[in-house]
Structures are given as structure tokens and as C-alpha cells.
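All figures in this text were calculated on a predicted structure; none of them were measured in a lab.
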Amino acid sequence: MAENILTLNNKEAEDFFMQSKQYNNFELPEYFDFDPMLKYVKDKIRRTAYGKCLGKTKPEKLADVNFDMMTNKDGKYAVRPLTLTNPYLYYFIVRELCGKKNWENIKECFSRFRQPHFTACAIPVIAEKKEKFHNSTTILNWWNSMEQRSLELSLEYRYMFASDITNCYGSVNPQTIEWALNRKDTAEETNVNKALAENIITYLKAMQQDKNIGMPQGSAVYDIIAEMILGYADLLLSEDLKKEGLEGYEILRYRDDYRIFCNNHDVLEKISYKLQHVLERLNFRMNSQKTKISDNIITDSIKQDKLFYLFNTPIFNKKGVDFDGFQKHLLYILMFGRKYPNGGQLKVMLNDLDKRMDEKGKEEEKKPYIDLGELNLDPEIVKTQPEMKEEKKEKTGYLCENVRAMSAIATQIAIENVLVSHYALRIISRMINQMKNEKEKWDIVEKVSNKLRNQPNSTYNQLWLQNMTYQHDKKEKECPYGMSLCQLVMGKEVKIWNTDWLRTELTEGLPYSSLIKKDVLKKMTPVITFRERRAYYDLPPMPAEVVPPVQE
């Protein structure tokens, strides 16, 4: 079992949060690196008080203090911002959490939140120095503590209540941070964390134009703050259940995802209503579409997209592929995504297809020419016109199917499954990279790019499109992407965050160019490679049964 950050002392915790991979925990192209920027900010600020760092304008008066990339879950209106927090405000909030006394008080809070028959599974874990696969420590923690533990509990309990919170981070009332840290209205109530809570709230409001609702997501710092609030909810629920004399239950919670086990259906219903009331007090609402009581604990403990995938293994499986071409494989993934959009299983399936294409490419590299059977050419014609064989190879590379048509299918997968669209783009990038006809290649890329860039709330996708087109854009001396991060990649001098609220001497020489690892960028090919992924290529792949959760 992996150790979580509550085992760290305050200095170790600060070092943990001030890593690039904790600053943003969503995927970016591998040439982005925030470590130099975070170090620069820390060295500039050190222990200087927040108030002494401010200039004439307060950050809450500015609209672009943070950098938000817009994406969504349905390709239309379900907007979901991914936030790169202003690094100064990020450091202020990390410094506040990780002060020696504050960190000890936070750990004391979590020890008070811990109740019999309650398990909080999502406290950020410490990654091993050499992970078995990318982000494996976090993924395996989820798999063991939530899915596998749920299956184990089916031996003891007959019923399971399952639910999650609608728009959890977006619904956070900052005032609940103070309630949580002071354990308001519980037997554990205190007042020692009032100043800590007020400062955290100040920084959160500074990031969000003084709003009294919501919290960014995309960083381990926000995850631990969310765990404070939800841990407080655990404590409130535990005390309510004790008052009602309700017993014989077990509760698993992975962030805002709840599973409650019990042998008495009526008792389980009462517990679910108590949970609903506790969450309402904290401005949270259960997701009615994902709320149910089940007596099929085994199957309902496993995500439905994963079950469907397993049930259809005669069609597609890890040991072999029954599809006789890549296009059919893509069509299968498209239809799967329509049944289970944006699911973690789609990442696995797109990765499987990518690996299959990669292996095919390596096989073809060993051959002096493409097999006649793959070309579907008449052997007699080839004997008299051998140049046709090479001409066919020159046009198609090792993919002897219609790359333009397959790119259209993959693009549709990206449009309909925005949260995993960069995995579909990786498939496109691999297909076009093996093409020999440069004019044909870039015509496809341009059409894919235009279609995706015209989708609403699609700024996040621009980063991945640029990953495909960087070498071509550099050669043509153009940048078709308006987002400032994309401009920075092209060597333009741009500001990512508004720092006008700080004293000038604190922001002079802010190293925006350090966000881009020039040596990695120089080696870029059109084939997309995810950040921090190369180090895992030679390690065992992710087990088939472990499907990474997609953050809601």
C-alpha cells in the first residue's frame, strides 16, 4: 500500500507540492516543464508576507490571474476548465499549508476525520521513484482501495449504495474550509485553525475574482483541500449515524465517489438520506443519475464501460485482434465511445490500437518491400511493372488502408470524447507520420486541425494539435493556434499569467521560456508523446484489469 502525503513532515510536503507533476496533474505534451518556474517563484518570495508582496492592484480584481484551458465532457456545453494556477498564488497556498504548525494541525484534522467503518481512499499518494507504469501509484491506489475493496466487501454485505457529487470542485463553498479545519458542530470542534482557514480562503478568492463558490482543479493542492472538506463530511455523517443508532455498515469514499455497504436495505436507505443531508449542508448535491442501491455488488463495483469491454473480449482482446484492419478497429472504438463516452476504458482501447500500429510499423521496417497480398495487386502486373510496388509503398507507407478515412473516424472519436481526445490525436499522428507524400500528409493534418479547432471550448486540444504540427509550423514560420501556451512553444514572448498585482521587483525576469524544454521540443516528431511517458516505455505495461479513472 502506497504511503500518502500525511506521512510527510512539513518540509517534505512542501517539496511534494512544488513539483511540476503535482502543480498540474492533467496530461500535457512532454516538452512542458513547470519546475524551473516554481523554483524561481519560491526563491523570489521565500518567507515574505503576502501583504508585502502586493502592488497597487489586488489579484481578485483581475480576470486573468490564472490560466484556464477550456474543455468539456460532451463536445458542446458541459464546460470543464483545466487550470494552471498563477505560480505565485500557488506558492502562497502551498507555503500556508506547509508551515510547520499548520501542517501538524492539518494532519491532526485528518486523524480526527478518520472514523470506524469509513475509508477515505483519495488522499494524494507518494509515487515510487521508479513506477511500474505512468502514474501507476495513484492508479493502483484507486484500483486496490476502491474497486478491489468493493469486491471484497461483497463477501460480507448484501447491498451497496453508490453515488457521487455533481460538479464537486465547482460547488465548493470556501467557508466550508474553515468549518472543516475547525470541525464545526462536532464533538471534535476547535478554533486553532481559524487563521489558516482564512488565509486559504483569501488565496482561493484571489484566484477567482473574489468568488464565493468553486475551487480550481488540476493540482494535488486542491485535491488535499477537497479531502479536508469531504473528510469533515465523513465526521459529520459518522456522528449523525451514531446518534441514530445505525450500525452494520462500511463506507468507501474516493474523493466525491461514495460506496456504502450494508446487509439491511432499510438501514442503508436511512444512511443514504443522512449522507444527502450532510452534503446539502456543505453545498454539495448527489448526482441523481449515478445514485442507486444495488444487490449486484460484484458487477456494480466495476465501471460499466469496463464490464462491457470484458464481455466483448471475443471481439477484441489483449492476446490477439480479430479485426483484419485498423479501420474496423477504429470504428469499434467509435461505437464503444458512443455507448460509454469519455470513459477510462477508451484510453486503454486507444492505447492498444496505438501499440498495434507501432508494432506493425516495426515489422514493416524489417521488410525490403510491402507484401503483395497487402497491396492487393495482380502479381502478373507487378512482374511487368515492378515500379507499381514501390509507388504504392511511396504513397501509403506501411498502412495500406485509407489514412484519410481513418483520420476522419479518429477525429470523430476526439470530438465525441473530449476528455480523451488527445489519445485519438495520437493515433492520427502515428498514421500521418508514416506517410511519404508530404502534400497529402499535411492536407489531412490541416483538415483535422480545422475541424477540432472549430469545436466549442476546445483550447486544450490546441496543445495536442501543435504537438503534431510543430515541425511543419516551424518550417513555415507560422502558428495557427491562438492560445498563449502555443505561442510560447513557437518562441514568442507572451505572458501566461497576469502578475500586475505583485510588486514589480518580484516579477522581473519571470522565466516564461523555461516552461518549454527546448531539447525535447527539438526532437519532436508528428507522433504525439505524452509528458513523463518516455521513462515508462521499457517497463511492463499497465495491467489490463487496471483502468485509470477519468476525473469528472
Side-chain angles (χ1 to χ4, degrees), residues 20 24 26-37 67 69-71 82 84 354 357-358 361 365 394-399 403-404 407 410-411 414 421-455 458-497 509-535 537:
S20 182
N24 76 290
F26 49 88
E27 289 180 300
L28 290 174
E30 66 170 348
Y31 42 78
F32 285 102
D33 181 14
F34 297 92
D35 282 331
M37 177 68 75
F67 182 81
M69 292 175 285
M70 302 307 293
T71 183
L82 296 174
L84 291 174
D354 176 66
M357 286 184 169
D358 186 37
E365 285 177 0
E394 184 68 15
K395 286 182 178 179
T396 64
Y398 64 80
L399 290 176
V403 174
R404 187 178 291 268
S407 296
T411 301
S421 61
H422 43 306
Y423 285 78
L425 286 174
R426 178 171 166 81
I427 297 296
I428 296 172
S429 72
R430 185 174 295 285
M431 290 191 296
I432 63 103
N433 190 53
Q434 57 81 46
M435 297 177 68
K436 307 299 181 183
N437 187 319
E438 290 293 315
K439 184 178 179 181
E440 175 77 1
K441 174 193 295 188
W442 294 110
D443 184 64
I444 293 172
V445 171
E446 184 178 6
K447 286 181 168 58
V448 170
S449 178
N450 288 340
K451 187 159 188 176
L452 286 173
R453 283 191 289 125
N454 290 328
Q455 292 299 115
S458 63
T459 51
Y460 178 58
N461 277 341
Q462 290 186 31
L463 295 175
W464 299 104
L465 290 167
Q466 185 179 45
N467 196 157
M468 292 169 56
T469 65
Y470 171 74
Q471 293 294 353
H472 181 263
D473 296 341
K474 183 181 178 183
K475 182 179 178 181
E476 298 295 323
K477 297 182 180 181
E478 63 179 12
C479 181
Y481 313 106
M483 188 169 63
S484 55
L485 274 180
C486 293
Q487 297 286 325
L488 191 65
V489 170
M490 296 304 296
K492 305 284 181 66
E493 292 185 9
V494 292
K495 289 179 65 175
I496 307 301
W497 304 278
L510 196 60
Y512 281 114
S513 62
S514 71
L515 299 181
I516 311 300
K517 298 170 75 172
K518 302 292 194 303
D519 56 331
V520 177
L521 187 62
K522 191 179 295 185
K523 299 174 184 176
M524 277 294 101
T525 70
V527 180
I528 289 174
T529 303
F530 299 136
R531 182 169 61 92
E532 298 173 341
R533 190 61 61 90
R534 286 190 191 276
Y537 281 169

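With sequence neighbours excluded, the residues forming a side chain to side chain contact (heavy atoms under 4.5 Å, CB included) with Asp354 are Arg426, Ile427, Arg430, listed by chain and number. With sequence neighbours excluded, no residue forms a side-chain hydrogen bond (donor to acceptor under 3.5 Å, both in side chains) with Glu476. In terms of the salt bridge (charged side-chain N to carboxylate O under 4.0 Å, His left out) criterion, residue partners of Glu438 (sequence neighbours excluded) are, by chain and number, Lys441. For Tyr481, the side-chain hydrogen bond (donor to acceptor under 3.5 Å, both in side chains) partners two or more places apart in sequence, or in a different chain, are Thr469. Scanning for salt bridge (charged side-chain N to carboxylate O under 4.0 Å, His left out) contacts around Lys495 gives Asp500, with sequence neighbours left out.
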### Query
Can you list the steps and then say if Met431 with Ile444 is a side chain to side chain contact (heavy atoms under 4.5 Å, CB included)?
CA-CA 10 Å; Met431 290 191 296; Ile444 293 172; over 6 Å; no
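Pairs engaging residues 444-453 under the salt bridge (charged side-chain N to carboxylate O under 4.0 Å, His left out) rule: Asp443-Lys447 [sequence neighbours left out].
For the pair Trp497 (side chain) and Leu84 (backbone), a donor-acceptor distance under 3.5 Å is present.
Shown here for Gly482 and Gln462, the closest heavy-atom pair between the two residues is N-OE1, 3.5 Å.
Looking only at side-chain heavy atoms (C-beta outward), Met37 and Leu510 come within less than 4.5 Å of each other. Between Leu485 and Met69, the closest side-chain pair of non-hydrogen atoms falls below 4.5 Å.
To the nearest 0.5 Å, atoms OH (Tyr31) and OH (Tyr470) are separated by 8.5 Å.
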